[in-house]
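Only one structure is covered here, and it is reproduced in the block below.
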Amino acid sequence: MALKVYIDGELVDEENAKISVFDRCLLYGDGVFEGIRAYNGKIFKEQEHVDRLYDSARVCLIDIPLTKEEFARAMYDTMAANNLEDAYIRAIITRGKGDLGLDYRKCPKPSVIIIAASIELYPEEFYQKGLEVVTASTQQIRSNVMEPRIKSCNYLKNILAKMEAIRAGCIEAVMLNAKGEVAECTGDNIFIVKDGVIKTPPPEAGILLGVTRGVVLELAREAGMDPRETPLTRFDLYCADECFLTGTAAEVIPVINIDGRPIGDGKPGPITLDLLEQFRRLTRA
Ligand code: PMP
């Protein structure tokens, strides 16, 4: 059965889901997006994702033509049209059709696109054995140039960093900021554990404020730990006892090697595995 895609209020077959060649998202990456999961028919952290999407759009002066409630309903309608209970949802808001110039006022109507598909999970092996990652030479952009908290459709720097990972035989890369501090990975946030303390870079390091990151910080607090949002360097990564990544698609995934250096004893650590289990319990409940 052809995938049904939501475009501007209609659910259409995938092959009829089309946008104009004058769409600003195509011409300039002028749009914002979200990647969201649904488990057992329920959208996970719906409010957080919708809020982040609307904040991203607001900063870009893109007026989403739906209320947040209507937007959530549209996501559920798209899932239902595709008979999906467990789904990966990609929501995209483009500034819409304009001319070839940059003037945003010439794009009167933003487009809303929602794709709900089956999630392609990382192989279970990665969760059991852990990932190897590398530091990319492609840096995270400075927030006074482009705010990383905007989840914009400009992902070229992340793609360039991901290329470095793939060419080094990995699937993820760590991106540093202009100060040389650890920021995040190409599509995930990063955490370490050192002497029993969970640490992750703060918002000022230039990161997307990941929804999964927020959930993991909360799970750690509920477990009586005192996780820290603190600047990290490669020194901290290389000397960490444990390392893991968080993201909507990856959930919580252990890292066992960074730049050819084993982390801890080169196996997924106990705190990482415990958080992974707690995260799975929460989402599969
Ligand atoms: N950083 C970047 C650059 C990302 O693209 C993502 C995934 N959307 C994340 C972090 C993780 O965010 P979340 O947990 O909200 O998926």
Side-chain angles (χ1 to χ4, degrees), residues 119-140 158 160-177 180-202 205 207-208 210 212-221 223-284:
I119 172 91
E120 266 198 42
L121 297 169
Y122 284 137
E124 183 57 30
E125 186 194 332
F126 286 160
Y127 293 88
Q128 280 161 17
K129 291 199 185 143
L131 293 185
E132 300 192 349
V133 303
V134 287
T135 308
S137 63
T138 307
Q139 284 182 347
Q140 173 59 290
N158 303 55
L160 290 170
K162 177 107 175 173
M163 277 176 196
E164 294 186 55
I166 291 168
R167 296 178 81 87
C170 301
I171 57 165
E172 251 302 10
V174 179
M175 298 176 81
L176 307 177
N177 64 23
E181 297 164 345
V182 175
E184 59 182 345
C185 290
T186 68
D188 299 295
N189 291 113
I190 186 163
F191 286 73
I192 60 164
V193 181
K194 180 69 177 174
D195 299 329
V197 182
I198 297 174
K199 298 179 182 180
T200 194
I207 60 169
L208 180 77
T212 321
R213 174 186 181 275
V215 172
V216 165
L217 286 171
E218 199 51 44
L219 286 173
R221 282 187 204 110
M225 291 184 261
D226 181 20
R228 312 272 164 82
E229 296 179 71
T230 184
L232 299 174
T233 64
R234 276 186 294 172
F235 179 94
D236 300 304
L237 299 188
Y238 297 159
C239 297
D241 302 325
E242 302 182 29
C243 178
F244 61 91
L245 311 182
T246 63
T248 293
E251 302 184 324
V252 175
I253 194 157
V255 172
I256 50 152
N257 189 298
I258 304 178
D259 298 333
R261 298 157 185 257
I263 302 304
D265 60 3
K267 294 198 204 77
I271 294 179
T272 302
L273 293 176
D274 189 52
L275 285 167
L276 166 59
E277 197 191 311
Q278 284 188 57
F279 188 86
R280 286 190 167 166
R281 217 180 293 143
L282 179 71
T283 51
R284 275 71 164 173

_Evaluation steps, side chain to side chain contact (heavy atoms under 4.5 Å, CB included), between Asp226 and Val197_ = CA-CA 7 Å; Asp226 181 20; Val197 182; over 6 Å; no
_Worked verdict on Ile198 versus Val216 for side chain to side chain contact (heavy atoms under 4.5 Å, CB included)_ = CA-CA 10 Å; Ile198 297 174; Val216 165; 5.7 Å; no
*Would you please test Glu251 and Thr212 for side-chain hydrogen bond (donor to acceptor under 3.5 Å, both in side chains) and show each step?*
CA-CA 7 Å; Glu251 302 184 324; Thr212 321; over 6 Å; no
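The main-chain N or O of Gly260 is never found under 3.5 Å from a side-chain atom of Glu132 such that the two would form a donor-acceptor pair. Between the Gln140 side chain and the Glu184 main chain, no donor and acceptor come within less than 3.5 Å of each other. Under a 3.5 Å cut-off, the side chain of Glu242 and the backbone N or O of Gly264 do not form any donor-acceptor pair.
Atom CZ of Arg280 is separated from atom CG of Leu282 by 13.0 Å, given to the nearest 0.5 angstrom. From Leu276, atom CG reaches atom CD1 of Ile271 across 13.5 Å, with rounding to the nearest 0.5 Å. Cys243 SG to Leu131 CG: the interatomic distance, rounded to the nearest 0.5 Å, is 9.0 Å. With rounding to the nearest 0.5 Å, the separation of CD in Glu164 from OG1 in Thr138 is 4.0 Å. In this structure, CD on Glu172 lies 11.5 Å from CZ on Phe126, to the nearest 0.5 angstrom. The distance from the CZ atom of Arg213 to the CD1 atom of Ile207 is 4.0 Å, given to the nearest 0.5 Å.
The shortest distance between side-chain heavy atoms of Asp236 and Val182 does not fall below 4.5 Å. Residues Pro262 and Ile256 have side chains not in contact (no heavy-atom distance under 4.5 Å, counting atoms from C-beta outward). The closest side-chain heavy-atom distance from Gln128 to Glu125 is not below 4.5 Å. Taking 4.5 Å as the limit, some side-chain heavy atom of Leu237 sits within range of a side-chain heavy atom of Ile190.
For Asp241 against Gly196, the heavy-atom pair with the smallest separation is OD2-N, 4.5 Å. When all heavy atoms of Pro201 and Ala183 are compared, the pair lying nearest together is CG-O, 3.4 Å. The two residues Ala249 and Tyr127 come nearest to each other via the heavy atoms O-OH, 4.2 Å. Pairing each heavy atom of Asp188 with each of Leu245, the nearest pair is CB-CB, 3.9 Å. Between Ala223 and Gln278, the shortest heavy-atom distance links the atoms CB-NE2, 4.4 Å. Minimum interatomic distance between Pro231 and Pro202 (heavy atoms only, all atoms of both residues): N-CD, 3.6 Å.
Lys194 NZ: more than 12 foreign heavy atoms inside a 6.0 Å radius. Residue Arg284 places its CZ atom among more than 12 non-hydrogen atoms of other residues, nucleotides or ligands, all under 6.0 Å distant.
In this structure Tyr238 satisfies the side chain to side chain donor-acceptor pair (under 3.5 Å) test together with Asp259, sequence neighbours excluded. Taking the side-chain contact (heavy atoms from CB on, under 4.5 Å) definition, one finds that Glu277 meets it with Arg281, sequence neighbours left out. For the ring pair (Phe, Tyr, Trp, His ring centres under 6.0 Å) test, residues two or more places apart in sequence or in another chain that qualify with Phe279 are Phe44.
Between Phe244 and Phe191, the two ring planes are parallel [angle under 30°; tilted spans 30° to 60°].
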